[in-house]
Enquirer: 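Structure in C-alpha cells, see below.
We name chains A, B, ... by the order of the sequence lines, and we start the count at 1 in each one.
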Amino acid sequence: MSQPLPLKRQGEHHPDDGASPIKPSRLKIALSSEDFDKKNANKRLKDVEICVPIVYGTTAFYLGRKASESQSHKWTVYVRGASNEDLGAVIKRVVFQLHPSFNNPTRVVESPPFELSECGWGEFEIAITLHFHSDVCDKQLDLYHHLKLYPEEESGPQSTKKPVVVESYDEIVFPDPSEGFLARVQNHPAVVVPRLPAGLNLPSPVPIETGNGKERGDTKDHPLSQWFLNFSEADELLKLAAARQQVQAHIVKLRRQLSLVEGMPQLSKPPSTYES
Amino acid sequence: MDAKDILGLPKNSFPPQEKKSRPPKESQRKPDGISREVYALTGGLAPLMPAVDSSQLKRRPPPDEKVAWQWLGFTSSARKDNLHLYHWVSSSVRVVNGVPPTGDYSFAKYNKSVDITRYTDEEYEKYLTDPRWTKEETDQLFDLCEQFDLRFIVIADRFPSSRTLEELKDRYYSVSRALLIARNPSSVDIAAHPLLKEPYNISRDVERKRAMSLVLSQTRQQEQRDEEVLAEAKRIAQSRIPAKVSQESEMAVAPNAGVEVTERTIPGETVSPPPSNAQHPLIPVPPPLSTENASTLASLRILRVYLRTYALEQMLQAASSTAGLRTIKRVEQTLQDLGVNLKPRVPTKAVCAEHLELRKEILTLLNLQKQLQYKEAEGLPFREGSFTETPGTPKDRTFVPDSSFGGNELCTCNLIYLLLGILSTFY
C-alpha cells in the first residue's frame, strides 16, 4: 500500500498552510510565546503512520458450585497490547458499554490495564470505546466484541478451570500523527513506528517511568495472561505467500493456454455461410 | 308451480327430483363438524363454474335476420382519377335504393400525406441556389419527397444521381428552412418552427450513424472492456464524492490536495464521454488500482484514527465494487480452497497488503479462466459444439488444493486441443 505523496518539508519552523488542523489563533500564540519544541509538537507528519497493535476480547470462567441462576460465569473484558505492553501511553481511558441489565452499564476504566470483570449469565455484545490522549487523537475509536460464555463443543459439564477465551487482533492506525506524539512514543514497546524520514528532528522522549510496582500498565504478568491467545503474523504471511504463488503459477499457465487458443481460430472455423 | 297446476303436470314427481339433487350436493360438500351457517360465514364453497347451460350456447345468436349482400359501385375521394370500382356491401348497412348513404369510401380518410412546401423558380433563383446542387436535382428531390412523403430511405434509393441520404436530407431541410425564412421575413412566430429550432446538422448526423454502426459491430470483448472502464470510472467518481464532502468540512485541505490532483488526472483519462469511447480504439487504462488505493487512503486519513480491519474492508470494497456478487463469491470460494482466512486472523499491515494482493490475483485468475472459456466456445464452430465439452460451469474450474491442483484444468484443456487438432485435419 504505497502512498505516493510529496515528502513534507522538514525543518521549517512555521506551520505550512493547512499542515496543522489546529485553529490558526492557537498557532500564533505558539509562535510568539511557546517553546521551539511545543511549536513543532503540533505539526503533523503525513508520511509517517503510527500503528498500535492491540488484542481485545473476553475470558469467561464457569463458576461451578458457586454458580447461581443470575450469576453463572465470571468474565473479564479487556484491551491489551498485542505483545502485552502498556497501552497507557496511547490510550487515556476505555469505556465499556455493557448490557442494560447491568448496574451502571457504562463502565469507565481510567488507567491501564484496561479491563473489567463482572459476573453474569448471558452473552451479549460489549461496546468498547477507546479514548486517546489529547496529543494523540481527539477522536475516539469504537470496537465491538461478543461476550462468549459457553464453549463450542457441548462436552458435558463445564470446567471451572478452563475459561472460554475469545480474542481479536487488530491495529490502531494513526495516519498522520503529530510530532509531539511521535516523539513521545518513538521508542515505546507498545507502538510500532516505521522508519522515520531522514532529517526529522525529534526531541528525545521522556524516559518511561518504571512505576512503583503497584500499578503496572502492561499485562505481561497478568493473572489471565496464561490464557491469552497467540497471534503470529509469520504464520499468516507464510500461508498467504504460498497461496499467492499457487495463484500466480496458475495465471501463467492460463495465459499460455489463452495465447495458444488465440492463435488457432483459423483452423477450426469452417468456410460456411455462418460467418458474418 | 301454478303453471304446472294449469298444465296438469303431476306435482310430486319433478319437485322431489330437483330438490333431491340439490341438497345431497350441498350436504356432501359441507364439511362435517361445523354447522352450515358457520361454514357459510367463511364464504362457503365457491361455485366451480358459472352456471351456463350448454344448450343455451348452441342456440345463440338467434338467426332472425338474414344478411343480404349487394354488389355496388363506389368512388374514393382519395383517388384523383375518378376510378369507379365495385364491391360487396352487406344489407346490415341500411342500403336505400341500392346506393349506400355513406358518401365516401371508408378508408379514404387514411390517405394522409406530408405537406411539402414547393418553391417557384424565382424563389429558387433568389434564395435557394447552392454550388453543390443543380436546380434539376433539387426539383427531382422535391418531387420524390412529395411522392414518398419524406421517406428518405426510399427517396435515396430512387434518386437518379448518387447522393447519400444525409446529403439529400441536408438539401431538403436547408431549402425548406430558407424558404420558410424568405416567406416570413419578419415573423417571430416561425422561430418556434421545428425547422428553425432544431435544424438538421449533417455532420452530426453522419457522425451519429458512424458511431451507431461502430457500436453495433463491437465485438463482445470490446463491450466487456468498455463496461469495465465505465464501471471503474463510476466507482472512482463515487469514491471521490465522499472524500470531497468530508474534505470540505475539514479545514486541513492542503495535505490532501496532492492526492486529489493525482486522482483527477488519472480518472480524466479513463472517464471519456461514451461516444468517443465507441469511436476510438479503447485507450489502455492505466492501472486503476493505484487510484482506488489513493482515494481510499485519503478517506481513511480524514478519520485521523482507524482500525486496520476497517481499512482492509474499505480497500476490499473499493477493489470489488466493479465485480458482481457472483464473482465475489467465487473469489471467496477460491480463498477457502487455498486455505486462507477470508478475514485475516492477524491483520498487520504486511498481512493486509498480502491479502489484498492475493485477492486481486485471484480476480485476474478468474477473469483469465472466463476469457479462456469464451475463446474456446468462440473458436469452435456452432455445429461442432456437440463434439466438445460445453464450457464448464464455474464449479468445474475452481481450485483443487495442492496435489491435484491444476490437474483437472489440464485434462480439460488437453482434450479440447486434441479435438481442435482432429478438426483441423478436416479442413
Enquirer: Between A:C137 and B:V305, which heavy-atom pair has the shortest distance, and what is it?
Expert: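 Here A:C137 and B:V305 meet closest at SG-CG1, 3.6 Å.
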Enquirer: Could you grab the distance from atom OH of B:Y306 to atom CD of A:E171, nearest 0.5 Å is fine?
Expert: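 So the gap between those two atoms works out to 10.5 Å.
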Enquirer: May I ask you to say whether A:R244 pairs ionically with B:E354, meaning some side-chain N is under 4.0 Å from a carboxylate O?
Expert: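 A salt bridge links A:R244 with B:E354.
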Enquirer: Taking the side chain as everything from C-beta on, heavy atoms only, tell me whether A:V173 gets closer than 4.5 Å to B:L307.
Expert: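 No, side chains not in contact.
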Enquirer: Where do B:P347 and A:D170 come nearest, in terms of heavy atoms and distance?
Expert: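 For B:P347 versus A:D170, the nearest heavy atoms are CG-CA, 4.3 Å.
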Enquirer: For A:D142, which atoms come within 4.5 Å of any heavy atom of chain B: side chain, backbone, both, or neither?
Expert: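 The backbone, not the side chain.
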Enquirer: For the CG atom of A:L258 and the CD atom of B:Q373, what is their distance to the nearest 0.5 Å?
Expert: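 Between A:L258 CG and B:Q373 CD, I get 11.5 Å after rounding to 0.5 Å.
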Enquirer: Find the distance between CD (A:Q246) and OG1 (B:T334) and round it off to the nearest 0.5 Å.
Expert: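 Answer for the CD-OG1 pair, A:Q246 versus B:T334, is 11.5 Å.
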Enquirer: side-chain contact (heavy atoms from CB on, under 4.5 Å), that's the test. Do A:Y169 and B:T348 meet it? Break it down for me.
Expert: CA-CA 9 Å; A:Y169 175 97; B:T348 65; 3.2 Å; yes
Enquirer: Specify which of A:K239, A:Q140, A:E233 makes the most heavy-atom pairs with chain B at under 4.5 Å.
Expert: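 Heavy-atom pairs under 4.5 Å are most numerous for A:E233.
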Enquirer: Do B:N341 and A:E236 come within less than 4.5 Å of each other through their side chains, counting heavy atoms only?
Expert: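 Yes, side chains in contact.
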Enquirer: Taking everything shown except B:E223 itself, do over 12 heavy atoms lie less than 6.0 Å from its CD?
Expert: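 Check passes, neighbour count above 12.
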Enquirer: To the closest 0.5 Å, what do you measure between CD (B:Q369) and CD1 (A:I251)?
Expert: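 Reported value, rounded in 0.5 Å steps: 9.5 Å.
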Enquirer: Are more than 12 heavy atoms from other residues, nucleotides or ligands located less than 6.0 Å from atom NZ of A:K220?
Expert: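 Yes, because the 6.0 Å sphere around NZ of A:K220 holds more than 12 heavy atoms from other groups.
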Enquirer: Quick one: NE2 on A:H250 to CD1 on B:I362, what's the gap to the nearest 0.5 Å?
Expert: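 One finds 11.0 Å between NE2 of A:H250 and CD1 of B:I362.
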Enquirer: Above 12 or not: heavy atoms from other molecules or residues under 6.0 Å from NZ of B:K209?
Expert: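 Yes.
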Enquirer: Do B:R308 and A:E49 sit within salt-bridge range, that is, some charged N less than 4.0 Å from a carboxylate O?
Expert: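 Yes, this pair counts.
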Enquirer: Tell me, do A:V247 and B:L338 make a side-chain contact under 4.5 Å, heavy atoms counted?
Expert: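 Answer yes - side chains close enough.
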Enquirer: Select one option (side chain, backbone, both, neither) describing which atoms of A:L143 are under 4.5 Å from chain B's heavy atoms.
Expert: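 A:L143 touches chain B through side-chain heavy atoms alone.
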Enquirer: Please look at B:L300 and chain A and tell me whether the side chain, the backbone, both or neither of the residue comes under 4.5 angstrom of a heavy atom of that chain.
Expert: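 Just the backbone, heavy atoms under 4.5 Å.
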Enquirer: Partners of A:E152 by salt bridge (Lys or Arg N to Asp or Glu O under 4.0 Å), sequence neighbours excluded?
Expert: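 Checked A:E152 against salt bridge (Lys or Arg N to Asp or Glu O under 4.0 Å); matches are A:K148.
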Enquirer: Could you check B:R345 against A:L229 for side-chain contact (heavy atoms from CB on, under 4.5 Å), going step by step and ending with a plain yes or no?
Expert: CA-CA 11 Å; B:R345 187 168 169 264; A:L229 299 177; 4.2 Å; yes
Enquirer: What are the two closest heavy atoms between B:L368 and A:R255, and how far apart are they?
Expert: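 What the structure gives for the nearest pair is CD1-CG, 3.7 Å.
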Enquirer: Roughly how far apart are B:R304 CZ and A:L141 CG, rounded to 0.5 Å?
Expert: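 It comes to 14.5 Å.
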Enquirer: Let me know if A:S168 has heavy atoms under 4.5 Å from chain B in its side chain, its backbone, both or neither.
Expert: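 For A:S168, no heavy atom lies under 4.5 Å from chain B.
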